[in-house]
Amino acid sequence: MAATLTINGTAHLVDLPDDVPLLWVLRDDVGLTGTKFGCGVAACGACTVHIDGEAVRSCQVALGDVWGDVTTIEGIGTPEALSLLQAAWVDHQVAQCGYCQSGQIMQAAALLAQTPLPTDQQIDDAMAGNLCRCGTYPRIRAAIHAAASKMQEA
């Protein structure tokens, strides 16, 4: 069934069955490979994207269930113009292997949209469903705090 999805501000005509996971639409049909496949059961957070600003696991949202505009990691900054959150990630050297980082950043962006100056506990609670096998959690928290501060200054 054909559907038009707005992804990162651009309309995309997608002609796939309604039960295809959004993750595969993004990666295989649209060609946005920044969103990663981690576990396929919404347990790791590697596939986190936003639908109407809400952080969701794209491996578990069927194409037919997408309820609004989709934002992926490619939609929040570019290599030439990083978002404040992405710049904080670089400044705090968060990434080691980097595989989980697009999902981590998307979850953090949703947190900061809801809670502009989060506490450590709010960060830990919001990020709890995003796993990092490299264990960079202290740097993730520090980067979120730094980005929150910069956003307040801007």
Side-chain angles (χ1 to χ4, degrees), residues 1-90 92 94-116 118 121-137 139-141 143-144 147-148 151:
M1 171 157 293
T4 300
L5 290 181
T6 300
I7 304 169
N8 301 329
T10 301
H12 294 270
L13 181 61
V14 178
D15 191 11
L16 295 168
D18 281 349
D19 62 347
V20 171
L22 177 59
L23 172 64
W24 301 122
V25 174
L26 295 171
R27 290 183 60 81
D28 295 344
D29 196 65
V30 180
L32 296 172
T33 58
T35 304
K36 304 300 183 200
F37 173 79
C39 65
V41 295
C44 73
C47 67
T48 303
V49 299
H50 297 171
I51 300 178
D52 279 346
E54 178 184 345
V56 298
R57 305 305 188 250
S58 62
C59 70
Q60 293 297 298
V61 176
L63 173 60
D65 294 334
V66 174
W67 60 87
D69 292 354
V70 177
T71 305
T72 68
I73 190 70
E74 292 91 348
I76 66 166
T78 67
E80 299 80 27
L82 296 177
S83 70
L84 290 175
L85 185 58
Q86 291 169 313
W89 237 250
V90 172
H92 286 81
V94 173
Q96 284 187 20
C97 83
Y99 195 81
C100 69
Q101 297 308 306
S102 60
Q104 298 277 0
I105 290 170
M106 294 305 291
Q107 187 69 44
L111 166 65
L112 292 175
Q114 293 290 316
T115 310
Q121 189 61 55
Q122 288 170 317
I123 292 170
D124 293 348
D125 291 347
M127 302 302 291
N130 289 74
L131 303 179
C132 175
R133 293 186 65 119
C134 299
T136 64
Y137 301 112
R139 287 185 268 172
I140 289 169
R141 187 191 297 152
I144 293 170
M151 289 174 180

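Only this structure's heavy atoms are used, side chains among them; waters, hydrogens and symmetry mates stay out.
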Would you check if the side chain of S83 reaches a backbone N or O of G77 as a donor-acceptor pair within less than 3.5 Å?
-> no

Indicate yes or no: at least one non-hydrogen side-chain atom of D69 is less than 4.5 angstrom from one of T71.
-> no

Interatomic distance, OG1@T33 vs CG@L26, rounded to 0.5 Å, equals 10.5 Å

Is there a side-chain contact between Y99 and Q104, using heavy atoms and a 4.5 Å cut-off?
-> no

Between the side chain of H12 and the main-chain N/O of V30, is any donor-acceptor distance below 3.5 Å?
-> no

Residues Q86 and I76: closest non-hydrogen pair is OE1-O, 3.6 Å

How far apart are the closest heavy atoms of T48 and G103, and which atoms are they?
-> CB-O, 3.7 Å

What closest approach, in Å, do W89 and I105 show between heavy atoms, and which atom pair accounts for it?
-> CE2-CG1, 3.5 Å

Give a yes or no answer on whether the side chain of Q60 reaches the backbone of G40 with a donor-acceptor pair at less than 3.5 Å.
-> yes

Give a yes-or-no answer on whether the side chains of R27 and T35 include a donor-acceptor pair shorter than 3.5 Å.
-> no

Polar side-chain atom of T115 near backbone of L112 as donor-acceptor pair, under 3.5 Å | no

Minimum-distance pair of heavy atoms, taken over all atoms of I140 and M127 | CG2-CE, 4.1 Å

Do L5 and L13 come within less than 4.5 Å of each other through their side chains, counting heavy atoms only?
-> no

Side-chain donor/acceptor of T78 to backbone N/O of A81, under 3.5 Å = yes

Return the minimal non-hydrogen interatomic distance between G34 and E74, and the atom names on each side.
-> N-OE2, 2.7 Å

Considering all heavy atoms of both residues, which atom of K36 and which atom of S102 are nearest to each other, and what is their separation?
-> CG-OG, 4.0 Å

Is the backbone of A3 close enough, under 3.5 Å, to the side chain of D15 for a donor and an acceptor to pair up by distance?
-> no

Non-neighbouring partners of D18 that pass side-chain hydrogen bond (donor to acceptor under 3.5 Å, both in side chains), sequence neighbours left out = none

